[in-house]
Amino acid sequence: MAITNIKNLKEFSTANERFEGAHLLCPGCAHSMIVRELMNATDDNLVIASNTGCLEVSTAVYPYTSWDTSWIHIGFENAATAATGAEAMFKARKRKGTLPNPDAPVKFVAFGGDGSTFDIGFQWLSGAMERGHDFTYICLDNENYANTGGQRSSATPVGAHTSTAQAGSVSYGKKQKKKDIVAIMAAHGAPYVAQLAPNKWKSMAKGFQKALETEGPCFINTVSACTTEWKFDPKDTIHITDLATDSLMFPIYEIINGTELNILYRPKNIIPVEEYLAAQGRYKHLFKPQYRHVIDEIQKDIDAKWEYLQRREEAKV
Amino acid sequence: MSKGVLATDKRGVRELGAEKKVGWDEVPQGVVLNSFDDNVDNLSHLRPEERPYSDFNSFTATVASWRVIKPVYNRDICIDCQNCWVWCPDTSIISRDKQMIGIDYDHCKGCGVCVEVCPTNPKSLLMFTEAVDNEEALSGWPEKKKKEKK
């Protein structure tokens, strides 16, 4: 069976871990929750490439590796290139009949942080999506360059304090809006593009399985709460992610073949974004009277985006 | 050092970073670290205790010294919902045959996510300081909380 049973958590928990502990990610980091879930969601052999970033530097500290599968550390920008190169060679060797075990199912996965996906590896990712390789790219979106000290990236949302977009008496942090990477990837005509969050484990595992099973380039953006740079207590990782999905800061949805949009999670009670912002240290300056207008703008953007997603789901275009 | 289901000869003897430090210019180019000593073909059907881990695998290392508080697990209250298993960032919740059987104290960093997501009343996982003995912690487990009327 290629796919792990994810009907309920008890079934899912019989999966045998292939991501080992004693990696050096911060306590409470959501990166490893996401990676573990991907590797537990399938029984197939995995070939994984990682962009430089927190995940890569923390899981392969010489002389240790936390990966029980084939894994390569590659430059900041080219996990997509490495994964697609491996996939192309796998196909070629399969055709020539030189594989030692040709029937074994193999899936190709690339992991990147938001810095290497939205900024530095964007061109490489776009190229890999266009070439149409059979692989899955997963972006672990923690909204800054957490590995190097929390610099702004193009995934950092408006109003967030980062080490290179600091908040103070004249600035409220980052002024530019976050890039809509999901829409950009969907515009490549990719067969499966989604935005998922680890607190909704079932939709995330289902999304991973769908992406792995789908032939062609798939892209998944996952919300990865960063306890160090978002400035919250490590134990609250899931709580913060709950707030993110319930305030619709991170709507969970998928886009199939670049057109068909499905919303995968509709919060019963949509909470005001203020609650999400108030729970994190990186937004605490927004609650000063002179920056209150930024919160209103963020809320307005979220409402507009949610309206757009709902209408697009209804229209099926 | 290691006890219980995950005990192997190699387990938990090395602290990450405790060995001789290797400078960036001493690492061989294109270095390959094998996760296992043997060829493993059916990895996803092997439980961790059945795998031939190599010395390079971080499974054989420990980060226990990171921890100042630790989760303690109370089997009597647990309902095996596996919330802690799915959200543990450090692969430290040991589940076998749909049952939660314990915590891997060699890999746990004490983040406390498992306690936060535990749904039972009282919680079947609670954080204690590292100095507290597990038996001692279990003997003083809190009583069931009554629901507050609204």
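Just so we're on the same page: letters track the sequence lines, and every chain starts at 1.
Contact of the A:Asn16 side chain with the B:Arg51 side chain is registered, since non-hydrogen atoms from C-beta on lie closer than 4.5 Å. Between B:Phe59 and A:Thr65 the shortest side-chain heavy-atom distance does not fall below 4.5 Å. Counting heavy atoms from C-beta on, the side chains of A:Trp201 and B:Gln82 never come closer than 4.5 Å. A heavy-atom distance below 4.5 Å is not found between the side chains of A:Tyr64 and B:Asn57. Looking at A:Thr14 and B:Arg96, their side chains never come closer than 4.5 Å, going by heavy atoms from C-beta outward. In this structure, A:Leu9 and B:Lys98 have side chains that are not in contact, with every pair of non-hydrogen atoms separated by 4.5 Å or more. Between A:Lys10 and B:Met100 there is no side-chain heavy-atom pair separated by less than 4.5 Å.
Between chain A and the options B:Cys111, B:Cys114, B:Ser92, the largest number of non-hydrogen pairs under 4.5 Å is found for B:Cys111. When each of A:Thr69, A:Asn45, A:Asn199, A:Val35 is checked for heavy-atom pairs under 4.5 Å with chain B, A:Asn199 comes out on top. With respect to chain B, the highest number of heavy-atom pairs below 4.5 Å among A:Cys29, A:Ser70, A:Ala15 belongs to A:Cys29. Contact tally against chain B (heavy-atom pairs below 4.5 Å) for A:Met33, A:Glu11, A:Arg36: the top residue is A:Arg36. Note on B:Val32, B:Leu46, B:Asp97: by heavy-atom pairs under 4.5 Å with chain A, the leading option is B:Leu46.
The shortest non-hydrogen separation linking B:Leu43 to A:Arg18 is CD2-CD, 3.6 Å. Taking all atoms of both residues into account, the shortest heavy-atom contact from A:Asp68 to B:Ser35 is CA-OG, 4.1 Å. In this structure, A:His23 and B:Asp90 approach most closely via the heavy-atom pair CE1-OD1, 3.0 Å.
For B:Cys81, the part lying near chain A is the backbone, with the side chain staying farther off; criterion is any non-hydrogen pair under 4.5 Å. For B:Val117, the part lying under 4.5 angstrom from a heavy atom of chain A is the side chain only. For a residue to count as touching a neighbouring chain, one of its non-hydrogen atoms must lie under 4.5 Å from one of that chain's; by this rule A:Trp67 touches chain B with the backbone only. Of the two parts of B:Ile69, neither the backbone nor the side chain holds a non-hydrogen atom closer than 4.5 Å to a non-hydrogen atom of chain A. Residue A:Asn101 does not touch chain B at all, counting heavy-atom pairs closer than 4.5 Å.
The distance from the CD atom of A:Glu17 to the CZ atom of B:Arg47 is 12.0 Å, given to the nearest 0.5 Å. Here the CD1-OG distance, from B:Ile94 to A:Ser13, works out to 13.0 Å after rounding to the nearest 0.5 Å. Atom SG of A:Cys26 sits about 7.0 Å away from atom CH2 of B:Trp66, to the nearest 0.5 Å.
Within a 6.0 Å sphere centred on CD of B:Glu50, heavy atoms belonging to other residues, nucleotides or ligands number more than 12. For B:Asp133, the CG atom sits in a packed shell: over 12 heavy atoms of surrounding residues, nucleotides or ligands are nearer than 6.0 Å. Residue-environment remark: NZ (A:Lys206) stays at or below the threshold of 12 foreign heavy atoms within 6.0 Å.
Between the side chains of B:Trp87 and A:Glu37, not a single donor N or O lies within less than 3.5 Å of an accepting N or O.
Here the side chain of B:Ser58 pairs a donor or acceptor atom with the backbone of A:Gly21 at under 3.5 angstrom. Between the side chain of B:Thr91 and the main chain of A:Phe19, a donor-acceptor pair closer than 3.5 Å is present. At least one donor-acceptor pair closer than 3.5 Å links the side chain of B:Lys109 to the backbone N or O of A:Leu25.
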Practice item. Show the numbers, then the answer: is there a side chain to side chain contact (heavy atoms under 4.5 Å, CB included) between B:Val115 and A:Lys235? Key: CA-CA 8 Å; B:Val115 174; A:Lys235 70 178 171 35; over 6 Å; no
